[in-house]
Amino acid sequence: MSLPAATPAESRQALAAGIGSYIFWGGMPAIFLVMGHVGAGPWEILGQRTLWALPCALILVVWARQGEEVRRVLATPRIMVWLVVSSIMIAINWTTFVWAVSRGQTLETSLGYYINPLLNMAVGALFFRERIHTLGLLAIGLAVAGVVLQAFALHGVPVVALVLAVSFGAYGIIRRPASSSSACSWSFQAPPMTSGC
């Protein structure tokens with residue numbers, strides 16, 4: 001089954017959203033470093049990030065008019081369980097990211113997010129029978145070579161990078177059966193993480 005082609009307006013909107021996301025997430029380490037310089041420790045930064053996730057998610061749900069979807073998810077315990085389990089994976093990812101950036105390991109965190117899409121391709125092929133073409137295999141091979149070179153440069157295994165890649169990859173796998181929008185899912189994932197802080 002193929003998806004309908006995007007209109008030019010949808011394509012521009014998707015491109016703008018993608019660029020905005022990369023700018024936002026790419027600038028996040030700088031924000032955490034500034035917060036660290038003014039005295040906030042990694043656990044305080046993580047606590048603030050987690051605490052503000054719920055109101056932001058709820059604002060997105062209201063803005064996107066997804067209240068009906070929230071009610072549907074609330075009425076489906078199976079989806080709720082998947083979302084809670086996925087919140088554990090994203091909590092591991094957030095904790096590792098904030099801790100590593102606050103300790104000056106920004107390069108290793110970047111490597112983790114570089115590895116992640118390639119790990120997702122490999123997981124898609126292994127678990128979901130998705131086909132990887134020659135260029136995809138080449139990309140995965142280059143990522144493995146990059147991780148090996150980075151391991152030599154760091155004089156050890158890039159643990160932070162691997163934890164970030166695997167936790168985010170696991171989040172994606174676990175999140176897959178929970179059919180709900182990002183804003184709706186985020187509003188259900190934030191409370192378990194908030195209660196852990």
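Note that this is a predicted model, so its numbers are computed, not measured.
- The distance from the CD atom of Glu69 to the CD1 atom of Ile79 is 8.5 Å, given to the nearest 0.5 Å.
- Put simply, Leu149 and Leu111 are part of two different groups of oily side chains (I, L, V, M, F, W, Y) that touch within less than 4.5 Å, one to the next.
- Atoms CD and CZ, on Gln48 and Phe32 in that order, are 11.0 Å from each other to the nearest 0.5 Å.
- Of all heavy-atom pairs spanning Asn120 and Gly169, the tightest one is OD1-CA, 3.6 Å.
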message: Quick one, Met80 with Thr76, criterion side chain to side chain contact (heavy atoms under 4.5 Å, CB included). Give me CA distance, side-chain angles, the key distance, then yes/no.
response: CA-CA 7 Å; Met80 293 284 293; Thr76 314; 6.0 Å; no
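- To the nearest 0.5 angstrom, Thr96 atom OG1 is 10.5 Å from Gln105 atom CD.
- Looking only at distances, no side-chain donor or acceptor of Thr95 sits under 3.5 Å from a matching main-chain atom of Ile92.
- The two residues Ser86 and Ile174 have their closest heavy-atom pair at N-CG2, 3.7 Å.
- Clustering ILVMFWY residues whenever any of their side-chain heavy atoms sit less than 4.5 angstrom apart, transitively, puts Trp99 in a cluster other than the one holding Leu107.
- Between the side chain of Asn93 and the main chain of Ser167, no donor-acceptor pair closer than 3.5 Å is present.
- Hydrophobic clustering (ILVMFWY, side-chain heavy atoms < 4.5 Å, transitive): Val144 and Leu135 are in distinct clusters.
- Note: Arg78 CZ to Leu83 CG = 10.0 Å, rounded to the nearest 0.5 Å.
- Atom CD of Glu130 sits in a crowded spot, with more than 12 heavy atoms from other residues, nucleotides or ligands closer than 6.0 Å.
- Rounded to the nearest 0.5 Å, atoms OG1 (Thr106) and CE (Met28) are 13.0 Å apart.
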message: Working note: Leu164 + Val160, criterion side chain to side chain contact (heavy atoms under 4.5 Å, CB included); need CA distance, chi angles, decisive distance, verdict.
response: CA-CA 6 Å; Leu164 288 172; Val160 168; 3.9 Å; yes
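- Considering only heavy atoms from C-beta on, Phe128 comes within 4.5 Å of Ile173 through its side chain.
- Residues Ala165 and Leu119 share a closest heavy-atom pair of O-CD2, 3.3 Å.
- At least one donor-acceptor pair closer than 3.5 Å links the side chain of Glu10 to the backbone N or O of Thr7.
- Using modelled atom types and a 3.5 Å distance limit, the side chains of Asn116 and Tyr171 yield no donor-acceptor pair.
- For the atom pair Trp94 CH2 and Ser87 OG, the distance stands at 10.0 Å (nearest 0.5 Å).
- With hydrophobic clusters built from ILVMFWY side chains whose heavy atoms lie under 4.5 angstrom apart, Ile31 shares a cluster with Leu46.
- Under a cut-off of 6.0 angstrom, the local environment of CZ in Phe152 is sparse, with at most 12 non-hydrogen atoms contributed by other residues, nucleotides or ligands.
- Heavy-atom minimum distance, Val159 versus Glu108: N-OE2, 3.0 Å.
- Of all heavy-atom pairs spanning Ala122 and Ile140, the tightest one is N-CD1, 4.1 Å.
- When all heavy atoms of Val98 and Ile45 are compared, the pair lying nearest together is CG1-CG2, 3.8 Å.
- Checked against Glu68 for a side chain to side chain donor-acceptor pair (under 3.5 Å), the options Arg71, Gln66, Arg72 give a single hit: Arg71.
- In the hydrophobic clustering of this structure, Leu142 does not group with Leu118; members are Ile, Leu, Val, Met, Phe, Trp, Tyr whose side-chain heavy atoms approach within less than 4.5 Å, directly or through other members.
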